[in-house]
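First comes the structure, then the notes that go with it.
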Amino acid sequence: MALPRNRSYLGIAKETRPTPGSAPTAVAATDYIPYTTFNPVDSIKYLDDKGLRGSMAEEYDVLQGNIYSELELGGDVFPDTIGYVVAGVLGDVTTTGASAPYTHAVATLNSQTSNGQPPTFTLSDYYALGTASTRQFAGVQFASVDFKFTADALLTYSAKAMGYASATAANPTPSFSTVTPVPAWTGVVTLNGSTSTLLADGNCNIQRTVTPIFTVDGNQRPYQLFAGAITVGGGMTLVFESDTELNLYLQNTKPVLDIDFTQGTGAAAVEVKLHMTKCAFTVAKIERSKDYIELGVTYKAMANTTDAGTSAGYSPIKVTLKNAKPSGTYA
């Protein structure tokens with residue numbers, strides 16, 4: 001009997017980062033992420049035996065080489081669970097507040113102690129097969145998160161990650177928070193110090209390379225999943241009313257860009273804020289595909305000390321989350 005997609009669920013838990021050369025220790029799910037897309041795959045390098053044996057044949061055997069996992073995750077942005085993904089890419093998390101709502105400022109981790117390596121997670125994928133039909137991916141290192149916002153839709157994201165080989169585990173019992181996803185219209189945009197009401201749609205992509213390092217050490221698994229440097233960029237479609245935004249491109253102004261999504265009040269208040277202190281417009285194109293004129297902008301955020309976290313140094317972005325998650329949840 002075919003397995004129903006709708007009975008799937010995804011658990012996540014912060015783990016202790018594995019020491020290079022050692023296997024990660026999977027941990028049971030402590031939280032659950034609603035999603036619309038989750039595509040995990042164990043990536044195995046197969047090695048062909050093509051040694052000539054006096055026959056008109058090409059391949060005689062296939063052997064397993066190295067193995068790691070690749071994961072794609074996406075859906076609507078929930079202001080509490082999106083913190084795992086953002087912290088998994090950026091790494092530096094500073095939490096303030098004595099009670100809900102707590103504020104989490106997330107920036108690029110530059111700590112010497114961790115060599116700039118962000119936290120890792122265990123993802124638990126239940127796919128409705130029955131007893132012990134949860135597949136755990138341990139040592140997961142997030143490589144990117146791409147926020148997408150359109151005025152008439154929900155705020156969404158897509159993320160990519162890499163982990164170690166999966167293994168089956170007992171099924172966890174899911175428990176989802178009551179926090180709702182974020183309509184994009186709730187966002188307030190501040191550009192070059194002034195509130196802007198011209199943003200129609202856009203995206204903000206935070207990414208870094210994650211490289212599996214393999215060594216001759218008697219193991220199929222990677223020696224380490226190494227996270228490289230952070231880059232941030234994206235695009236915006238703006239209603240064109242004057243040359244103000246076009247001149248930011250023509251004059252290489254590098255404005256401050258804030259896109260701040262908030263909803264709720266009191267302890268139930270939530271926020272997802274994308275703050276880029278130094279944002280270069282690399283393309284600004286006047287577009288006439290509609291009855292009114294738009295400006296298509298491509299931007300990239302420059303590293304600066306203002307957006308850095310407690311590990312100091314430089315960061316191209318600071319993401320602020322407000323929710324009921326206490327200190328220590330994400331990193």
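Below, each value reflects all heavy atoms present in this structure, side chains not excepted, and no hydrogens, waters or symmetry copies. The structure displayed is predicted, hence computed values, not measured ones.
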(message) As a quick check of understanding, evaluate side-chain contact (heavy atoms from CB on, under 4.5 Å) for K300 and T231, giving each step before the final call.
(response) CA-CA 8 Å; K300 56 183 179 180; T231 60; over 6 Å; no

(request) Go through the steps to decide whether F176 and T81 satisfy the test side-chain contact (heavy atoms from CB on, under 4.5 Å), and finish with yes or no. (result) CA-CA 10 Å; F176 294 91; T81 54; over 6 Å; no

(message) Let me confirm one number: the CD-CD1 distance from Q224 to I213, rounded to the nearest 0.5 Å.
(response) 5.0 Å

(message) So L199 and F149, do their side chains get closer than 4.5 Å, heavy atoms only?
(response) yes

(request) Count the heavy atoms belonging to other residues, nucleotides or ligands that lie under 6.0 Å from NZ of K325, then report whether that count exceeds 12. (result) yes

(request) List for me each residue that meets ring pair (Phe, Tyr, Trp, His ring centres under 6.0 Å) alongside Y68, sequence neighbours excluded, and say none if there are none. (result) none

(request) Could you give me the CA-CA distance, side-chain angles and deciding distance for T244 and S242, then say whether side chain to side chain donor-acceptor pair (under 3.5 Å) is met? (result) CA-CA 5 Å; T244 301; S242 72; 2.9 Å; yes

(request) Indicate, with yes or no, if Y35 and L155 share a hydrophobic cluster defined by side-chain heavy-atom contacts under 4.5 Å among Ile, Leu, Val, Met, Phe, Trp and Tyr. (result) yes

(message) Counting neighbours of OH on Y314 that are heavy atoms of other residues, nucleotides or ligands and sit closer than 6.0 Å, is the number greater than 12?
(response) no

(message) I need the single residue from L295, D201, T150 that forms a side chain to side chain contact (heavy atoms under 4.5 Å, CB included) with T237. Which is it?
(response) D201

(request) Look at the side chain of N323 and the backbone N and O of P79, then say whether any donor-acceptor pair between them is shorter than 3.5 Å. (result) yes

(request) Would you check if I230 and V89 make a side-chain contact, meaning some heavy-atom pair closer than 4.5 Å? (result) yes

(request) Could you tell me whether the side chain of R288 and the main chain of E294 form a donor-acceptor pair under 3.5 Å? (result) no

(message) Using modelled atom types and a 3.5 Å cut-off, is there a donor and acceptor pairing between side-chain atoms of S315 and backbone atoms of T108?
(response) yes

(request) Check side-chain hydrogen bond (donor to acceptor under 3.5 Å, both in side chains) between S158 and all other residues, then give those that pass, not counting sequence neighbours. (result) K148

(message) Under a 3.5 Å distance rule, please check whether N219 uses its side chain to pair with a backbone N or O of D217 as donor and acceptor.
(response) yes

(request) Determine the minimum heavy-atom distance between G266 and P101, stating which atoms define it. (result) O-CD, 3.3 Å

(message) Can a donor-acceptor pair be found, under 3.5 Å and without considering hydrogens, that links the side chain of N205 to the backbone of N203?
(response) no

(request) Drop me the distance from K160's NZ to L71's CG, to the nearest 0.5 angstrom. (result) 12.0 Å

(request) Mind checking the CD1-CG spacing from I286 to L238? Nearest 0.5 Å is all I need. (result) 12.0 Å

(request) State the OG1-CD distance between T253 and E245, to the nearest 0.5 angstrom. (result) 11.0 Å

(request) Indicate yes or no: at least one non-hydrogen side-chain atom of V270 is less than 4.5 angstrom from one of D80. (result) no

(request) Run the numbers on E15 and T122 for side chain to side chain donor-acceptor pair (under 3.5 Å), then give the verdict. (result) CA-CA 7 Å; E15 62 186 27; T122 297; 2.4 Å; yes

(request) Could you pull out the closest heavy-atom pair between A312 and N110, with the gap in Å? (result) O-ND2, 2.8 Å

(request) Evaluate the side-chain proximity of D92 to S111: yes if any heavy-atom separation is below 4.5 Å, no if none is. (result) no

(request) Please answer: with hydrophobic residues joined when any side-chain heavy atoms are less than 4.5 Å apart, are V256 and L250 in the same cluster? (result) no

(message) Taking the side chain as everything from C-beta on, heavy atoms only, tell me whether M236 gets closer than 4.5 Å to F281.
(response) yes

(request) Count the heavy atoms of every other residue, nucleotide or ligand shown that sit under 6.0 Å from CG of L52, and state whether that count exceeds 12. (result) no

(message) Give me the atom names and distance for the closest heavy-atom approach of G91 to A331.
(response) O-CB, 4.1 Å

(message) Within this structure, what is the CG-OG1 distance for the pair D260 and T320, rounded to the nearest 0.5 Å?
(response) 8.0 Å

(request) Verify the cluster assignment for Y164 and F137: are they in a single hydrophobic cluster under the rule of side-chain heavy atoms below 4.5 Å apart? (result) no

(message) With a 6.0 Å cut-off (strictly less than), is the heavy-atom count around CZ of R53, excluding the residue itself, greater than 12?
(response) yes

(request) Assign the ring pair Y84 / Y330 to parallel, tilted or perpendicular, where the plane angle (0 to 90°) is split at 30° and 60°. (result) perpendicular

(request) Could you tell me whether the side chain of N304 and the main chain of T306 form a donor-acceptor pair under 3.5 Å? (result) yes

(message) Do L274 and D258 make a side-chain contact, defined as non-hydrogen atoms from C-beta onward lying under 4.5 Å apart?
(response) no

(request) Provide the closest heavy-atom pair for P118 versus R208 in the form atom of the first, atom of the second, distance. (result) CG-NH1, 3.1 Å

(request) State, yes or no, whether a side-chain contact exists between L225 and T120 at a heavy-atom distance under 4.5 Å. (result) no

(request) Would you indicate whether the side-chain heavy atoms of L10 and L123 approach each other to under 4.5 Å? (result) yes

(message) Is there a continuous path of hydrophobic side-chain contacts, each under 4.5 Å between heavy atoms, that joins L248 to I293?
(response) yes

(request) Say whether, by atom type as modelled, one donor and one acceptor occur between the side chain of S69 and the main chain of G163 under 3.5 angstrom. (result) yes

(message) Test side-chain contact (heavy atoms from CB on, under 4.5 Å) on V106 and I317; report intermediate values, then the result.
(response) CA-CA 8 Å; V106 192; I317 191 171; over 6 Å; no

(request) Search all heavy atoms of Q136 against all heavy atoms of A28 and return the closest pair with its distance. (result) NE2-CA, 4.2 Å

(message) Would you say V140 ends up clustered with Y126 if hydrophobic residues are merged whenever their side chains have heavy atoms under 4.5 Å apart, either directly or through other cluster members?
(response) no

(message) Among I206, D307, V232, which residue satisfies the side chain to side chain contact (heavy atoms under 4.5 Å, CB included) criterion with V319?
(response) I206

(request) Look only at the side chain of T298 and the backbone of T282, and say whether a donor-acceptor pair between them is shorter than 3.5 Å. (result) no

(message) Please report the interatomic distance OG1(T277) to NZ(K318), rounded to the nearest 0.5 Å.
(response) 8.0 Å

(message) So for atom CD, which belongs to Q112, do other residues, nucleotides or ligands contribute more than 12 heavy atoms lying within a distance under 6.0 Å?
(response) no

(request) Determine the minimum heavy-atom distance between D42 and I67, stating which atoms define it. (result) CB-CD1, 4.4 Å

(message) Is it the case that atom NZ in K14 sees more than 12 heavy atoms from other parts of the structure closer than 6.0 Å?
(response) yes

(message) Filter on side chain to side chain donor-acceptor pair (under 3.5 Å), then keep only pairs touching residues 17-28, sequence neighbours left out; what's left?
(response) R17-Q141

(request) Using the side-chain contact (heavy atoms from CB on, under 4.5 Å) rule, take Y9 and N171 through it: C-alpha gap first, then chi angles, then the decisive distance, then the call. (result) CA-CA 10 Å; Y9 55 82; N171 299 333; 4.2 Å; yes

